[in-house]
Amino acid sequence: MQRTVLYERHVESGARFGPFAGYEMPIQYEGVLAEHRAVRERAGMFDVSHMGEIRVRGPRALALLQGLTPNDVGALHPFRAQYSALLSERGTFIDDLLVYCLDPEDYLLVVNAASRGRDLELLETAAVAEDGGVRVDDQSDETALIAVQGPRAAEIVADVVGAAAADLRYYSFLRDLPAEDHARHLVSRTGYTGEDGFEIYTPAERAEDLWAELLERGRDVGLVPAGLGARDTLRLEAGMMLCGQDIDEETTPLEAGLSWIVKWKKGDFVGRDALARQREDGCRHRLVGFEVEGRGIARHGHRLTLRDAPDCAGPVTSGAFAPTLGRAVGIARLDCGDGGPPASGSAASVTVRGREIDCRIVKLPFYRRPKQGA
Amino acid sequence: MIPDDRLYTAQHEWLKLEDGEAVLGITDFAQQELGDVVFVELPAPGQEFAAGSEVGAIESVKAVAEIYTPVAGSIEAVNDGLEDAPELVNEDPYGEGWLVRMRLDEEGPPDDLMTAAAYEAQLAS
């Protein structure tokens, strides 16, 4: 089991650890509910250094990424990032990822820890075909990643790494910061919680200092360290998919409500033909959000069934108590045959310990953060 | 501090016996392991249970734990307060966070239950 460079800091903060994608990760410190609330109301800080960072560079880097990912890397300007994926020929998810454009010949891919080896293999294989025009480097082990999320995140991050961070637009980033201590950080306005927030990529040897600085600066406004437990409830409320759980090699972006990452006009990419056929024929499977109306919690592996169309059913892929909503919610992968996806508001049920509990299909996300005053 | 006025199971439940009745709850260790409790499913009063059978479940944000009764009997009362305040299981597992009160089929505790000292020793081992 691997540990991140911040492991000792988590021990000091009283973390409880659990295994995740081969890493011993902090699951919670004070408690999932308190950490969840801190992120929604103030700020929370996550060590997500288990994530993989893969650098793709060279004159053919753009062409290679255009061929491997469904989103349009060509539309990406320097200092902008985009959400995308690596798909199989069947158009299903091998991984979901972020693509950072450092310059038009230099990209940083941020991938899930569990699929990092597979991603790397795919990229390296594709690079061989480019005959020296692309270099692929796995920088995961020398890179740590700290996410600061919540309505107070901007002031904390700006104070620590530089005022320019506060002016970042969503999915933009900074690097080569003026302060020497932070010169090698990459700071992006991104996250996985549904709140405003930042992700800071740092050389591993700088991670402990950065963690301590952020914690110190954030103390006054109520920043707390938060674990993977809260990260999971936060992302679920925000309707964000977890790769390997909600989306996997049996799921396409079209089925997952992620058709916006598929750019048809950009040319060919792996999985395109399969997706084009699916667009034509319709999706048999759909990932849908649902709320639990009765008393109980639907969890991963339970089965959701539509009341009026019992043939339309499927496994719950994510399910949890949503602290901000005060009720249980989930995502299910329904097989509705030719019937099409269920309308929002449709009644459904899930069976938990032999008891049928009422549910209702709802649009994702479950939670949307309040708009900031302009 | 493990109260010594009751008995314990290897599954981290406690049982307090009084006048042919038993109050059942989970230990402080169990609530810590579970994390924030958000929902408690309890049986209906009057329901009968054999020793070792499942009487309900405790759902935390992270996980679900079934509640088993170590004794045979019928449900006299359940802790209604947990419906609106499931967090009582975390905050006061040996007191306000009790789960059910049962009328015992047989007088006297089964002999596989542990004293507080024995339970403490199990936790330490």
Side-chain angles (χ1 to χ4, degrees), chain A residues 14-20 25-40 224 226-237 291-302 316 318-330 350-357, chain B residues 11-13 24 26-50 52-69 75 77-93 96-97 99-100 123:
Chain A
R16 306 169 110 223
F17 294 87
F20 187 82
M25 295 297 289
I27 303 300
Q28 65 168 64
Y29 303 81
E30 185 189 349
V32 176
L33 291 180
E35 292 159 31
H36 183 108
R37 198 173 307 122
V39 171
R40 289 273 180 260
V224 299
L228 291 191
R231 188 170 157 87
D232 194 49
T233 51
L234 288 159
R235 69 91 194 166
L236 179 60
E237 284 187 344
E291 284 182 352
V292 177
E293 299 192 316
R295 286 173 52 74
I297 298 175
R299 293 190 191 266
H300 181 79
H302 289 150
V316 173
S318 285
F321 179 76
T324 315
L325 309 175
R327 63 167 65 180
V329 301
V350 69
T351 303
V352 179
R353 291 184 295 277
R355 206 161 51 84
E356 235 183 54
I357 304 175
Chain B
Q11 289 75 43
H12 310 287
E13 293 176 340
L24 181 68
I26 66 169
T27 67
D28 186 53
F29 174 85
Q31 71 80 14
Q32 280 186 40
E33 284 296 302
L34 268 174
D36 298 318
V37 171
V38 291
F39 175 66
V40 183
E41 185 178 324
L42 295 173
Q47 254 184 291
E48 309 254 350
F49 291 96
S53 59
E54 184 184 327
V55 300
I58 301 176
E59 301 252 19
S60 74
V61 179
K62 289 185 295 187
V64 54
E66 280 81 24
I67 309 162
Y68 296 97
T69 170
I75 302 296
V78 301
N79 186 351
D80 292 328
L82 299 180
E83 186 162 338
D84 290 326
E87 64 274 14
L88 287 173
V89 175
N90 295 117
E91 291 164 2
D92 190 11
E96 294 292 301
L99 300 172
V100 299
L123 286 182

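In the text below, chain A, chain B and the rest are named by the order of the sequence lines, each starting its count at 1.
When A:Q28, A:R16, A:H36 are compared by the number of non-hydrogen pairs under 4.5 Å with chain B, A:R16 comes out ahead. Highest contact tally toward chain B, considering only A:V32, A:D232, A:L33, is held by A:L33 [criterion: heavy-atom pairs under 4.5 Å].
With a 4.5 Å cut-off on non-hydrogen atoms, B:E41 touches chain A through its side chain but not through its backbone. Proximity to chain A (any heavy atom under 4.5 Å) is restricted, for B:E66, to the side chain, taken from C-beta onward.
In this structure, B:E91 and B:E96 have side chains that are not in contact, with every pair of non-hydrogen atoms separated by 4.5 Å or more.
A side-chain donor-acceptor contact under 3.5 Å links B:Q47 to the backbone of B:A44. A donor-acceptor contact shorter than 3.5 Å is absent between the side chain of A:R299 and the backbone of A:V352. Of the possible donor and acceptor atoms, one in the side chain of B:E13 sits under 3.5 Å from a partner among the backbone N and O of B:Y68.
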